[in-house]
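First up is the structure itself, then whatever we jot down about it.
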Amino acid sequence: MPELPDIAVYIEALESRVLGQRLEKVRLASPFLLRTAVPPIKSVEGLMVTALRRLGKRIVFGLQDDLWLVLHLMIAGRLHWKPPGAALQGKVGLAAFDFAEGSLTLTEAGSKKRASLHLVEGEAGLAALDPGGLEVLETDLSAFAAALTAKNHTVKRALTDPRIFSGIGNAYSDEILHRARLSPVAMTAKLTAAEIETLFTATREALEDWTRLLREDAAGKFPEKVTAFRKEMAVHGRYGKPCPVCDTAVQRIRHASNETNYCPRCQTGGKVLADRSLSALLKKDWPRNIEELEQLRGKG
């Protein structure tokens with residue numbers, strides 16, 4: 001799912017293309033994309049784009065008459081800048097937003113169509129879609145600590161909860177925790193003041209560094225390589241590959257469709273965290289540390 005750095009770079013690309021331009025037409029290929037009926041979607045046609053915002057992991061288009069289009073890409077939704085009036089792409093094409101200079105198209109891979117579009121009126125309508133998470137790049141350590149420790153969760157869950165922190169998902173939380181050298185299953189209530197400060201710094205630095213890297217990668221063009229898996233990442237999506245800090249094989253915890261990646265030497269003191277499916281299968285043979293894991297692999 002595109003997260004804060006990805007959304008920020010999308011918005012920067014959109015600012016130079018649609019801000020101050022009139023939205024001439026909205027074409028919807030899927031009736032399930034639009035989640036609101038009032039105001040009608042046709043009411044935005046002919047209106048000028050007056051603002052662009054990020055709302056968590058959503059992209060917000062401010063239009064004349066105090067109307068707001070709110071687009072959530074979910075996991076597989078992606079945006080593309082095409083020539084004016086470009087046709088929608090077969091089964092993956094969900095919508096097109098036509099401007100005089102080009103068309104912004106929305107695609108979503110896969111059979112499960114989860115991307116959503118809302119049209120709301122006024123700041124109150126926009127606020128109703130805001131999960132309320134703290135903007136880490138706009139806050140201080142004290143507010144960060146208060147949000148983090150308000151309830152006792154694993155630190156991974158806290159970072160990815162949109163009601164606690166805004167714009168952070170599975171990919172960048174892995175990178176943040178690796179940078180902070182914290183276990184993803186550490187409980188927030190047990191973190192020391194020093195660990196919280198380290199996490200605060202790592203969160204800000206990771207989000208800023210990745211936004212800069214993605215901006216440089218786009219090089220002024222519309223970003224077409226939006227993905228949760230990048231070769232520059234330290235641990236996310238790198239199961240079995242060497243940690244760039246200590247060379248230990250990156251491990252994972254799998255739950256449903258999500259996977260948490262971590263370095264057992266840098267983050268968990270050498271302990272291999274239980275993976276729900278594999279540890280249940282291996283039972284007493286489940287490796288408890290790096291040494292047992294390496295022995296198990298040697299036998300394999």
Side-chain angles (χ1 to χ4, degrees), residues 1-12 52-60 123 126-127 129-216 228 230 232-236 238 243-246 250 253 258 260-271 273:
M1 182 183 297
E3 301 173 32
L4 189 155
D6 311 279
I7 298 300
V9 174
Y10 261 145
I11 289 175
E12 290 174 3
L52 285 159
R53 297 185 192 175
R54 180 183 59 80
L55 187 67
K57 298 172 191 171
R58 296 172 170 87
I59 297 174
V60 180
E123 292 285 349
L126 194 58
L129 296 175
D130 187 356
L134 192 68
E135 292 289 350
V136 179
L137 297 180
E138 300 172 10
T139 193
D140 58 17
L141 175 58
S142 176
F144 177 86
L148 181 70
T149 59
K151 292 184 179 180
N152 189 26
H153 297 303
T154 65
V155 67
K156 169 79 174 186
R157 179 182 171 186
L159 285 175
T160 57
D161 188 334
R163 297 164 298 182
I164 300 175
F165 297 112
S166 176
I168 304 172
N170 195 43
Y172 293 114
S173 62
D174 281 352
E175 296 302 291
I176 289 166
L177 290 170
H178 180 265
R179 187 178 293 223
R181 301 177 74 89
L182 282 174
S183 168
V185 299
M187 301 306 294
T188 56
K190 294 184 178 180
L191 294 178
T192 66
E195 287 173 329
I196 292 173
E197 183 172 2
T198 297
L199 180 61
F200 174 64
T201 301
T203 303
R204 291 171 63 93
E205 288 179 350
L207 295 176
E208 289 171 345
D209 288 350
W210 274 101
T211 300
R212 181 173 60 254
L213 189 151
L214 298 181
R215 183 184 297 123
E216 292 171 354
R230 293 182 173 271
E232 301 92 345
M233 287 182 164
V235 290
H236 182 73
R238 294 180 56 81
C243 166
V245 174
C246 70
V250 169
I253 307 169
N258 285 330
T260 295
N261 298 119
Y262 68 96
C263 171
R265 194 176 302 279
C266 292
Q267 295 175 250
T268 61
K271 181 181 179 181
L273 302 177

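Keep in mind the model is a prediction, meaning the values are calculated, not measured.
When side chains are defined from C-beta on, Lys57 does not count as touching Pro162, because their heavy atoms never get closer than 4.5 Å. Counting only heavy atoms from C-beta outward, the side chains of Leu191 and Leu182 approach each other to under 4.5 Å. Counting heavy atoms from C-beta on, the side chains of Thr154 and Met187 come closer than 4.5 Å. Ser183 is listed as a side-chain neighbour of Leu273, based on a closest heavy-atom distance under 4.5 Å. Contact annotation: the side chain of Val235 approaches that of Glu175 to within less than 4.5 Å [non-hydrogen atoms, C-beta and beyond]. In this structure the side chain of Val155 never reaches within 4.5 angstrom of the side chain of Glu195, judged on heavy atoms. The shortest distance between side-chain heavy atoms of Arg53 and Ile11 does not fall below 4.5 Å. Within the 4.5 Å cutoff, side-chain heavy atoms of His236 are placed close to those of Asn170.
Remark: Ser142 engages Asp140 in a side-chain contact (heavy atoms from CB on, under 4.5 Å) (not counting sequence neighbours). Residues satisfying the ring pair (Phe, Tyr, Trp, His ring centres under 6.0 Å) criterion with Phe144, sequence neighbours excluded, are Phe165, Phe200. By the side-chain contact (heavy atoms from CB on, under 4.5 Å) test, Glu135 is found to be paired with Leu4, Arg54, Glu138, Ser166, residues two or more places apart in sequence or in another chain being considered.
Between atom OG1 of residue Thr160 and atom CD1 of residue Ile168 there is a gap of 9.0 Å, rounded to the nearest 0.5 Å. A distance of 4.0 Å separates SG of Cys266 from NE2 of His178, quoted to the nearest 0.5 Å. To the nearest 0.5 Å, atoms CG (Asn258) and CD1 (Ile253) are separated by 11.5 Å. Here the straight-line distance linking atom CD1 of Ile7 with atom CG of Leu52 works out to 12.0 Å at 0.5 Å rounding. Atoms CZ and CG, on Arg181 and Leu199 in that order, are 14.5 Å from each other to the nearest 0.5 Å. Note: Cys243 SG to Arg238 CZ = 9.0 Å, rounded to the nearest 0.5 Å.
A salt bridge (Lys or Arg N to Asp or Glu O under 4.0 Å) check over residues 3-12, counting only residues at least two apart or in different chains, returns the pairs Glu12-Arg215. Listed by first and then second residue, the side chain to side chain donor-acceptor pair (under 3.5 Å) pairs that reach into residues 199-210 are Arg179-Asp209, Asp209-Arg212, sequence neighbours excluded. Residue pairs meeting the salt bridge (Lys or Arg N to Asp or Glu O under 4.0 Å) criterion with at least one partner in residues 162-172, sequence neighbours excluded, are Asp161-Arg163.
For Pro184 against Thr260, the heavy-atom pair with the smallest separation is CB-CG2, 3.7 Å. Heavy-atom minimum distance, Leu134 versus Ala143: CD2-O, 3.7 Å. Looking at every heavy atom in both residues, Asp174 comes nearest to Asn261 through OD2-N, 3.1 Å. Asp130 approaches Gly132 most closely through the heavy-atom pair OD1-N, 2.9 Å. The two residues Val250 and Ala234 have their closest heavy-atom pair at CG2-O, 4.1 Å. Minimum interatomic distance between Cys246 and Arg265 (heavy atoms only, all atoms of both residues): SG-CB, 3.7 Å.
Judged by distance alone, the side chain of Glu197 and the main-chain N or O of Ala193 form no donor-acceptor pair under 3.5 Å.
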